[in-house]
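The figures here come from the full heavy-atom set of this structure, side chains too, leaving out hydrogens, waters and symmetry mates.
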Amino acid sequence: MTRILLALFLLAPLPARALTPDEVKRVVQTVDERQRNAGDWRSLCYMEAKEKDKTDVVYELTVFRRSADQKFMILFDKPRSEQGKGYLRIEKNLWFYDPAVGRWERRTERERIGGTDTRRGDLDESRLAEEYDAKWEGDARLGAYQVHRLLLTVKPGVDVAFPQIRLWVDEATHNVLKRQELALSGKLMRTSLYPRWKKLHSESKKGDVWFPEEMRFYDEIEKANQTLILIKSVDLRPLDPNLFTKAWLEAKSR
């Protein structure tokens, strides 16, 4: 009997060991570091938006980033009705430009990019360790993957789209596989899935940069609304030094 009990004990799965606060911090820092380029970034994106009682809309847009001063810009290329519209982030302020009215308007981090379920942070450099405090909630299986489940809470004075985020991070690669964004009350607002990741070598970083090749966003309030983003190409070569200006974006619509 003793041998049988010992065998059952050895076969039973061991409970997950809780990550220490320092280990959780390193996981989040690694998530950021793997996606950071330490240089310039230009990507061409396909975006498909589905909204309740509306016709599906397909967008094509170009995203520009610069790590050194956290500059960020989105330029809409298609459809024709959106062509020339854009977002520009300067000194932590997000601006929107509509060439039809020729006017810039300041927007918050909660702005839905193009009216879809996408936010600025979905396309910008990952800064989770800088913007949030994290704690370990548990280890679990997510499909074929063993993951850390973490709860992130925004730091005081930081402007973000969602004050709380729950992450499912692949233990083997530290790629984020699933993300839930919550309101301050804890109400689930949006669920995001990242089924495909890709890497390329960066000369400015002297290492690899990882990015989610496919992102799927599901509105948890208006259940019929969802957005798909495919990053079609990424170019890490240096950009024009004068690119991140209102004048540059306005010129693109003329």
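- At distances below 3.5 Å, not a single donor-acceptor pair connects side-chain atoms of Lys232 with backbone N or O atoms of Glu60.
- Using a 4.5 Å cut-off on side-chain heavy atoms (C-beta onward), Leu94 and Leu88 make no contact.
- In Leu184, the CG atom is not crowded: 12 or fewer heavy atoms of neighbouring residues, nucleotides or ligands sit closer than 6.0 Å.
- From Tyr59, atom OH reaches atom OH of Tyr46 across 12.0 Å, with rounding to the nearest 0.5 Å.
- Applying the 6.0 Å contact sphere to NZ of Lys54 captures no more than 12 heavy atoms from other residues, nucleotides or ligands.
- When only modelled atom types and interatomic distance are considered, Thr62 and Asp77 share a side-chain donor-acceptor pair under 3.5 Å.
- Considering only heavy atoms from C-beta on, Val24 comes within 4.5 Å of Leu150 through its side chain.
- Residues Asp139 and Arg149 are not paired through a salt bridge, judged by the lack of any N-O separation under 4.0 Å between the basic side chain and the carboxylate.
- Distance CD1/Ile229 to OG1/Thr116: 6.5 Å, rounded to 0.5 Å.
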For side-chain contact (heavy atoms from CB on, under 4.5 Å), just list the numbers for Leu151 and Leu182, CA-CA rounded to whole Å, side-chain angles, deciding distance to a tenth of an Å, and then say yes or no.
CA-CA 10 Å; Leu151 180 65; Leu182 314 171; 4.2 Å; yes
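- Between Asp124 and Arg127, at least one side-chain nitrogen of the basic residue sits less than 4.0 Å from a carboxylate oxygen of the acidic one, meeting the salt-bridge criterion.
- Judged by distance alone, the side chains of Ser67 and Asn37 never bring a donor and an acceptor atom under 3.5 Å apart.
- Sparse packing is recorded around OH of Tyr145, with 12 or fewer heavy atoms of other residues, nucleotides or ligands lying under 6.0 Å away.
- In this structure a side-chain-to-backbone donor-acceptor pair under 3.5 Å is missing from Lys85 to Glu82.
- Side-chain N/O atoms of Trp197 and Glu214 include no donor and acceptor closer than 3.5 Å.
- By the rule that hydrophobic residues join a cluster once side-chain heavy atoms approach within less than 4.5 Å of another member, Val57 and Phe76 end up as members of one cluster.
- Side-chain contact between Leu75 and Leu61: absent, with no pair of heavy atoms (C-beta onward) separated by less than 4.5 Å.
- Side-chain atoms of Asp32 come within 3.5 Å of backbone atoms of Ala129 as a donor-acceptor pair (strictly under, hydrogens ignored).
- Shown here for Trp136 and Arg17, the closest heavy-atom pair between the two residues is CZ2-O, 3.8 Å.
- Under 4.0 Å is where a charged nitrogen must lie from a carboxylate oxygen, and between Glu125 and Arg36 at least one such pair does.
- In this structure, Ser192 and Phe217 approach most closely via the heavy-atom pair OG-CD2, 3.1 Å.
- The residues Arg120 and Glu109 are annotated as salt-bridged, a charged nitrogen and a carboxylate oxygen being separated by less than 4.0 angstrom.
- A 4.5 Å side-chain heavy-atom check between Asn93 and Arg89 finds every atom pair outside the cut-off.
- At a threshold of 4.5 Å between non-hydrogen side-chain atoms, the residues Met47 and Val58 do not count as touching.
- Distance check, rounded to the nearest 0.5 Å: CD of Glu181 to CG of Asp219 gives 11.0 Å.
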Apply side-chain contact (heavy atoms from CB on, under 4.5 Å) to residues Thr153 and Ile165 and explain how you reach the verdict.
CA-CA 7 Å; Thr153 302; Ile165 300 173; over 6 Å; no
Check the pair Met189, Glu220 against side-chain contact (heavy atoms from CB on, under 4.5 Å), reporting the backbone distance first and the verdict last.
CA-CA 5 Å; Met189 306 297 289; Glu220 296 290 357; 5.7 Å; no
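- At a threshold of 4.5 Å between side-chain heavy atoms, the hydrophobic network of Ile, Leu, Val, Met, Phe, Trp and Tyr places Val169 and Phe211 in one connected group.
- For the atom pair CG of Leu243 and CZ of Arg65, the computed distance is 14.0 Å after rounding to the nearest 0.5 Å.
- Look at Arg190 and Asp122 and you find a salt bridge, because one of the NZ, NE, NH1 or NH2 atoms lies within 4.0 Å of a carboxylate O, short of that distance.
- Leu19 and Val147 are not part of a single hydrophobic cluster, where members link through side-chain heavy atoms under 4.5 Å apart.
- The shortest heavy-atom contact between Leu239 and Arg66 is O-NH2, 3.4 Å.
- In this structure, Lys205 contributes its side chain and Asp208 its backbone to a donor-acceptor pair below 3.5 Å.
- Taking a 6.0 Å sphere around CZ of Arg106, one finds it holds 12 or fewer heavy atoms contributed by other residues, nucleotides or ligands.
- Side-chain atoms of Thr173 and Asp170 form a donor-acceptor pair, as typed in the model, at a separation below 3.5 Å.
- Contact check on Lys135 versus Glu137 returns no salt bridge, with no Lys/Arg side-chain nitrogen under 4.0 Å from an Asp/Glu carboxylate oxygen.
- Here Met73 contributes atom CE and Phe64 contributes atom CZ; the two are 7.0 Å apart, rounded to the nearest 0.5 Å.
- In the hydrophobic clustering of ILVMFWY residues, with side-chain heavy atoms under 4.5 Å counting as a link, Leu200 and Leu230 come out apart.
- Using a 4.5 Å cut-off on side-chain heavy atoms (C-beta onward), Leu123 and Phe72 make contact.
- Cation-pi check for Lys198 over Trp210 is not met; the charged atom does not lie both under 6.0 angstrom from the ring centroid and within 45 degrees of its normal.
- The existence of a salt bridge linking Lys71 and Glu91 is excluded, since no basic side-chain nitrogen approaches an acidic carboxylate oxygen closer than 4.0 Å.
- For the residue pair Glu48 and Thr227, no side-chain donor N or O sits within less than 3.5 Å of a side-chain acceptor on the partner.
- Considering CZ of Arg196 and CD of Glu213, their distance stands at 4.5 Å, rounded to 0.5 Å.
- No donor-acceptor pair closer than 3.5 Å links the side chain of Arg80 to the backbone N or O of Gln83.
- Annotation for Arg110 and Ala161: closest pair CG-O, 3.4 Å, computed over non-hydrogen atoms.
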For salt bridge (Lys or Arg N to Asp or Glu O under 4.0 Å), just list the numbers for Arg112 and Asp117, CA-CA rounded to whole Å, side-chain angles, deciding distance to a tenth of an Å, and then say yes or no.
CA-CA 6 Å; Arg112 294 171 177 265; Asp117 280 317; 2.6 Å; yes
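- The pair Arg103-Glu105 meets the salt-bridge criterion, since a charged nitrogen lies less than 4.0 angstrom from a carboxylate oxygen.
- A donor atom on one side chain and an acceptor atom on the other are not found under 3.5 Å apart for Gln164 and Tyr132.
- The hydrophobic clustering, which links ILVMFWY residues whose side-chain heavy atoms are closer than 4.5 Å, places Leu236 and Phe244 apart.
- The minimum heavy-atom distance linking Arg179 with Trp168 is given by the pair N-CE3, 4.3 Å.
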Run the side-chain contact (heavy atoms from CB on, under 4.5 Å) test on Glu23 and Lys25 for me, step by step, so that the C-alpha distance in whole Å, both residues' side-chain angles and the decisive distance to 0.1 Å come before the verdict.
CA-CA 5 Å; Glu23 288 172 328; Lys25 189 175 181 179; over 6 Å; no
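- Nearest heavy-atom pair, Trp41 versus Val209, reported as atom, atom and distance to 0.1 Å: CZ3-CG1, 4.1 Å.
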